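A short worksheet on the structure shown next.
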Amino acid sequence: MAYNLLKGKKGIIFGALNEQSIAWKVAQRAVQEGAEIVLSNAPIALRMGELNKLAEECNAPVIGADVTSNDDVNNLFTKTLEHFGGGVDFILHSIGMSVNVRKNVPYPENNYDFTFKGFDISALSLHRILQAAMKHDAINEWGSVVALSYIAAQRYFPGYNDMADNKAVLESIARNFGYEYGIKKQVRVNTISQSPTRTTAGSGVKGFDGFIEFAEKMSPLGNADADQCADYTITLFSDLTKMVTMQNLYHDGGFSYTGVTQAVIDQMSK
Ligand code: NAI
C-alpha cells in the first residue's frame, strides 16, 4: 500500500545489486511513495547488468560511482544535481564489503590491506558521500540520510569479523556528521540496524543460515525482512520523522533488547 509519503521528493539510492538487495526494495518503495530517484553502484556492479531492470522499472538514471573514489562521488553529485535541476531530499547508503570476510581471514589474523579496503567501502564512504554532498550543497533543507548497520557494532558475533568494526565507525560517522549537517542545513543522518537478511552481502558471513535462524528465535517478532526494512527506511525519508537524527535505530523484531527467549531455552533443553 502506498501513502504518498515521498511525493515530490528526490533521492539517491546507493547499493542495489540484485532483487535481494535491501537498496533494491527501498528504491521500489520510494518510487511507489511518489519519489524520483537516481540509482548508483560501483562500476563492477553495473557491469553485471541487473540494475538496468530496476532503473527501467523506476524510470531512474544509473550513475556509477565507486564510493572509495572522491572523483566518482563528486561526479555523481554533479550529474545528479543536473538531472534533477536542484538538490535531493534523501540518500540511502546501503553499501558494505569486507575482503577479510570474503577471503575467510579470521579476525585475529586480519590482513590490514584488506581491512583498509573494507573500511573505506563500508564506513568511510558515508563520510565521503556526506562531505561531497555538503561541498555541492546537494541535500535540501530537512533532507534525510540513512545508512544500514548491524548490531555487531555493539556486540560480538562470530564470523562478522572486521565488518563489526566498520559498522561501529559507520554509526559514529552518522552521529558526528548528523550534528554538523543538522546545524548547517537541518539535514538528519541516522543508521538502521537491520536483522540478518538473505542478500549477497549477508550470505557472505560464514554460517549465515544458523545465524539467521538464531536471530529469528531470539526475536519476539521474528527477523525483519528486506521489504520491512524498506518500509521503515521510507518513514525516515518522510516528513513524519523530521526531528530524528544522529540515531542508530534497531529494526530487528526486538532482538536487541531480548535476553533470551523461551524458544531458545527449549532448544537448549532438548
Ligand atoms: P548487497 O550485497 O545487495 O549490497 C551491498 C552493496 O554494496 C552492493 O550493491 C555492492 O555493489 C555495493 N558496493 C560494494 N563495494 C562498493 C563500492 N566500492 N562502491 C559502491 N558500492 C559498493 O547486500 P545488502 O545485504 O543489501 O547490504 C546492504 C547494506 O545492509 C550493507 O551495508 C550491509 O552491511 C547492511 N546490512 C545487511 C544485513 C544482512 O544480513 N544482509 C544486516 C544488516 C545490515
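Quick caveat: nothing in here was measured; it's all calculated off a predicted structure. Whatever order the structure lists them in is the order used to number ligands and atoms, beginning at 1. Residue numbers count from 1 along this sequence.
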Name each donor-acceptor pair under 3.5 Å that joins a side chain in residues 31-45 to protein atoms two or more places apart or in another chain, with its distance.
unit_1: Q32; atom_1: OE1; unit_2: R29; atom_2: NH1; d: 2.7
unit_1: E33; atom_1: OE1; unit_2: Y3; atom_2: N; d: 2.9
unit_1: E33; atom_1: OE1; unit_2: N4; atom_2: N; d: 2.8
unit_1: E33; atom_1: OE1; unit_2: L5; atom_2: N; d: 2.8
unit_1: E33; atom_1: OE2; unit_2: Y3; atom_2: N; d: 3.1
unit_1: E33; atom_1: OE2; unit_2: R29; atom_2: NH1; d: 3.2
unit_1: E33; atom_1: OE2; unit_2: R29; atom_2: NH2; d: 3.2
unit_1: S40; atom_1: OG; unit_2: I63; atom_2: O; d: 2.7
unit_1: N41; atom_1: ND2; unit_2: A16; atom_2: O; d: 2.9

Do Q194 and Y232 touch side chain to side chain, with heavy atoms closer than 4.5 Å?
no

Do H93 and F14 make the cut of ring centroids closer than 6.0 angstrom?
no

Proximity of Y150 and F157 rings by center, below 6.0 Å:
yes

Ligand-residue contact atoms, ligand 1 with A45, heavy atoms, under 4.0 Å:
11 (O)

Quick one: which ligand 1 atoms are inside 4.0 Å of a heavy atom on T200?
2 (O)

One thing to verify: whether D120 and R128 come together as a salt bridge, which I'm taking to mean a side-chain N less than 4.0 angstrom from a carboxylate O.
yes

What's the shortest distance from atom 21 (N) of ligand 1 to any protein heavy atom, and which residue and atom give it?
N41 OD1, 3.4 Å

Tell me, which protein residue and heavy-atom name are nearest atom 13 (N) of ligand 1, and how many Å apart are they?
I95 CG2, 3.8 Å

Under 3.5 Å between some N or O of ligand 1 and some N or O of T68?
no

To atom 14 (C) of ligand 1, the nearest of L17, L46, I121 on a heavy-atom basis is I121

Between CG on residue L92 and OG on residue S144, distance to nearest 0.5 Å
9.5 Å

Below 3.5 Å, N or O to N or O, backbone or side chain included: is there any such pair between G15 and ligand 1?
yes

Between S98 and F114, is there a side-chain heavy-atom distance shorter than 4.5 Å?
no

Pairs of nitrogen or oxygen atoms closer than 3.5 Å, one from A201 and one from ligand 1: do any exist?
yes

Which part of S21 is near ligand 1, with near meaning a heavy atom under 4.0 Å away: side chain, backbone, both or neither?
both

Close approach, A65 and ligand 1, non-hydrogen under 4.0 angstrom:
yes

Are any of the N/O atoms on K167, whether in the backbone or the side chain, positioned under 3.5 angstrom from an N/O atom of ligand 1?
yes

Looking only at protein heavy atoms, identify the closest one to atom 5 (C) of ligand 1 and say how far it is in Å.
S94 O, 3.8 Å

Between ligand 1 and S195, can you find any atom pair, the residue atom being a heavy atom, that is separated by under 4.0 Å?
yes

Taking N or O atoms only and a 3.5 Å limit, does Q194 qualify as a polar contact for ligand 1?
no

At under 4.0 Å between heavy atoms, which part of S149 makes contact with ligand 1: side chain, backbone, both or neither?
backbone

Report the residue from I12, V187, D89 that forms a side chain to side chain contact (heavy atoms under 4.5 Å, CB included) with I139.
V187

Closest to atom 30 (O) of ligand 1 among protein heavy atoms sits L148 CB, 3.5 Å

Just which atoms of ligand 1 are under 4.0 Å from any heavy atom in P196?
40 (O)

Can you tell me which residue and heavy atom of the protein come closest to atom 37 (C) of ligand 1, and the distance to 0.1 Å?
I22 CD1, 4.1 Å

Please identify each residue that fulfils side-chain contact (heavy atoms from CB on, under 4.5 Å) with Y112, with sequence neighbours left out.
T115, F116

What protein heavy atom sits nearest atom 24 (P) of ligand 1, and how far off is it?
T199 OG1, 3.3 Å

Under 4.0 Å to a heavy atom of D66 - the qualifying atoms of ligand 1, by number:
17 (C), 18 (N), 19 (N)

Would you mind finding which of N166, D72, T197, D120 brings a heavy atom closest to atom 39 (C) of ligand 1?
T197

